[in-house]
Amino acid sequence: MTTTFLPFSRPTIDEATIAAVSDVLRSGWLTSGPKVQAFEAQLSEYFGGRPVRTFNSGTCTMEIALRIAGIGPGDEVITTPISWVATANVILEVGATPVFADIDPVTRNIDLDKVEAAITPRTRAIIPVYLSGLPVDMDRLYAIASKYGLRVIEDAAQAIASSWNGRRIGSFGDFVSFSFQANKNITTSEGGCLVLNDAAEARLAEKYRLQGVTRTGFDGLDVDVLGGKFNMTDIAATIGLGQFAHLDTITATRRRLARHYFALFGADFEANTGAQLPVADFENSNWHMFQLVLPERITRAVFMEKMMALQIGIGYHYPAIHLLSLYRARGFGDGMFPIAERVGQRIVSLPMFAAMNEADVERAVRAVKSVLQ
Ligand SMILES: *Cc1c(COP(=O)(O)O)cnc(C)c1O
């Protein structure tokens with residue numbers, strides 16, 4: 001039996017990608033250039049020909065979408081309390097007001113009934129998150145958006161290659177934001193991309209990502225909006241191109257590993273332990289993570305410590321955003337979103353990455369059962 005440490009996530013970069021990055025480093029062109037253009041062209045084709053622009057994070061990608069939508073002070077944006085804090089921070093970043101809607105205890109995604117109940121005359125947008133790569137009910141989401149005239153900025157950071165009833169996430173809808181941070185299903189080390197609706201939005205995205213600059217002719221340069229410094233480098237785009245070539249295999253591997261987790265936990269696991277498995281969806285989800293909600297009788301800290309002693313890495317994604325100090329200081333507090341609060345305290349991410357094999361899943365499941373039984 002092996003005793004090497006099994007992390008909860010680990011990127012795989014092939015030798016061809018490493019060689020391609022070396023070529024870029026030797027080429028004399030490091031920042032945004034032909035590799036960024038090639039990566040954007042491939043992503044656009046993947047998302048059904050919709051315009052796509054890349055950035056240096058998935059966070060700024062969402063912030064820029066909010067700016068393109070003209071959302072700012074006085075506007076409310078509805079989102080989930082269970083996400084990486086970036087999802088809510090971008091709302092504050094543009095000066096708008098975050099409004100949380102509690103999650104569905106089964107999918108752990110934002111509850112669309114509660115979204116509808118949270119809409120006010122000041123609501124301008126919804127930012128849904130597809131936790132672990134499992135989408136929300138996309139038909140219902142866009143029915144609500146169209147009924148109330150709201151923009152949607154999909155935080156699909158975890159959902160590349162996920163789909164909804166046979167349609168790829170990103171190939172339809174309003175703004176769709178993806179992250180290529182190192183732990184995501186494909187990575188550029190750090191980075192992100194935004195799928196947009198038309199050429200005018202794409203042009204604005206280009207301005208916001210680079211100081212608001214427009215260039216014309218040989219020496220024409222003007223700035224008419226306040227942009228920042230959010231462009232992707234050719235080094236990062238080269239990693240992305242190398243990763244993108246494996247996306248179908250990565251997704252198939254993760255779905256196979258997820259099925260293996262379910263098979264090994266078995267039908268009586270929830271009844272025996274009081275832990276809650278994720279939704280067994282092998283069509284729509286890309287299985288970015290395999291997450292359990294722990295039973296009341298063990299704290300997450302104790303669970304993580306015992307798993308660590310068995311050489312199994314455990315992540316937690318995520319603590320409820322509205323209970324973080326920055327949000328408490330804005331009037332949020334305990335008891336406001338009880339399902340998110342319970343899940344935020346008890347959710348754990350088991351090892352799940354494309355270089356894992358069935359024996360790793362067996363090790364992880366054996367460890368979880370020994371700790372919980
Ligand atoms: C990773 C992630 C982000 C942030 O992406 P970065 O590329 O790290 O800025 C935002 N939301 C969710 C749900 C994520 O998983």
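Computed from a predicted structure; not experimentally measured. Just follow the structure's listing: the first ligand is 1, and inside any ligand the first atom is 1. As a basis for the values below, the full set of heavy atoms in this structure was taken, side chains included, without hydrogen atoms, waters or symmetry mates. One is the number of the first residue; the rest follow in order along the sequence.
Interface atoms of ligand 1 facing Ser57, defined by a heavy-atom separation under 4.0 Å, are 7 (O), 9 (O). Near Thr87, meaning under 4.0 Å from any of its heavy atoms, are these atoms of ligand 1: 11 (N). Shown in contact with Trp84 at under 4.0 Å from a heavy atom are these atoms of ligand 1, numbered in order with element: 3 (C), 4 (C). For ligand 1 and Gly191, the ligand atoms under 4.0 Å from any heavy atom of the residue are 7 (O). Numbered from 1 in the order shown, with element, the atoms of ligand 1 that lie under 4.0 Å from a heavy atom of Ser83 read 13 (C).
Proximity of Tyr318 to ligand 1, defined as any heavy-atom pair under 4.0 Å, is confined to the side chain (atoms from C-beta onward). The part of Val129 lying near ligand 1 is the side chain, judged by heavy-atom distances below 4.0 Å.
Here the heavy atom of the protein found nearest to atom 11 (N) of ligand 1 is Asp155 OD2, 2.8 Å. For atom 15 (O) of ligand 1, the closest heavy atom belonging to the protein is Gln158 NE2, 2.8 Å. Of all protein heavy atoms, the one lying nearest to atom 9 (O) of ligand 1 is Thr59 OG1, 2.5 Å. Regarding atom 5 (O) of ligand 1, its nearest protein heavy-atom neighbour is Ser179 OG, 3.3 Å.
For Tyr130, the closest heavy-atom approach to ligand 1 does not fall below 4.0 Å. Using 4.0 Å as the threshold, Gly192 has no heavy atom nearer than that to any atom of ligand 1.
The side-chain contact (heavy atoms from CB on, under 4.5 Å) test with Gln291 is passed by exactly one of Leu350, Val348, Ile347: Ile347.
Judged by distance alone, with hydrogens and angles left aside, the side-chain atoms of Arg330 form no donor-acceptor pair with the main-chain N or O of Pro98 at under 3.5 Å. When atom types are taken as modelled, the side chain of Arg50 and the backbone of Phe172 share a donor-acceptor pair closer than 3.5 angstrom.
The option from His288, Gln181, Lys184 that lies nearest to atom 2 (C) of ligand 1, judged by heavy atoms, is Lys184.
Ionic pairing of Asp113 and Arg140 is present here: one or more N-O contacts between side-chain nitrogen and carboxylate oxygen are shorter than 4.0 angstrom. Salt bridge annotation for Glu63-Arg67: present, with a cationic side-chain nitrogen under 4.0 angstrom from a carboxylate oxygen.
Counting non-hydrogen atoms of neighbouring residues, nucleotides and ligands closer than 6.0 angstrom, the CZ atom of Arg10 reaches no more than 12 such neighbours.
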Test side chain to side chain donor-acceptor pair (under 3.5 Å) on Asp139 and Trp164 and set out the steps.
CA-CA 9 Å; Asp139 299 326; Trp164 174 252; 3.3 Å; yes
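For Gln243 and Thr187, the side-chain atoms include no donor-acceptor pair closer than 3.5 Å.
Between Tyr46 and Phe178, the distance from one ring center to the other does not fall under 6.0 angstrom.
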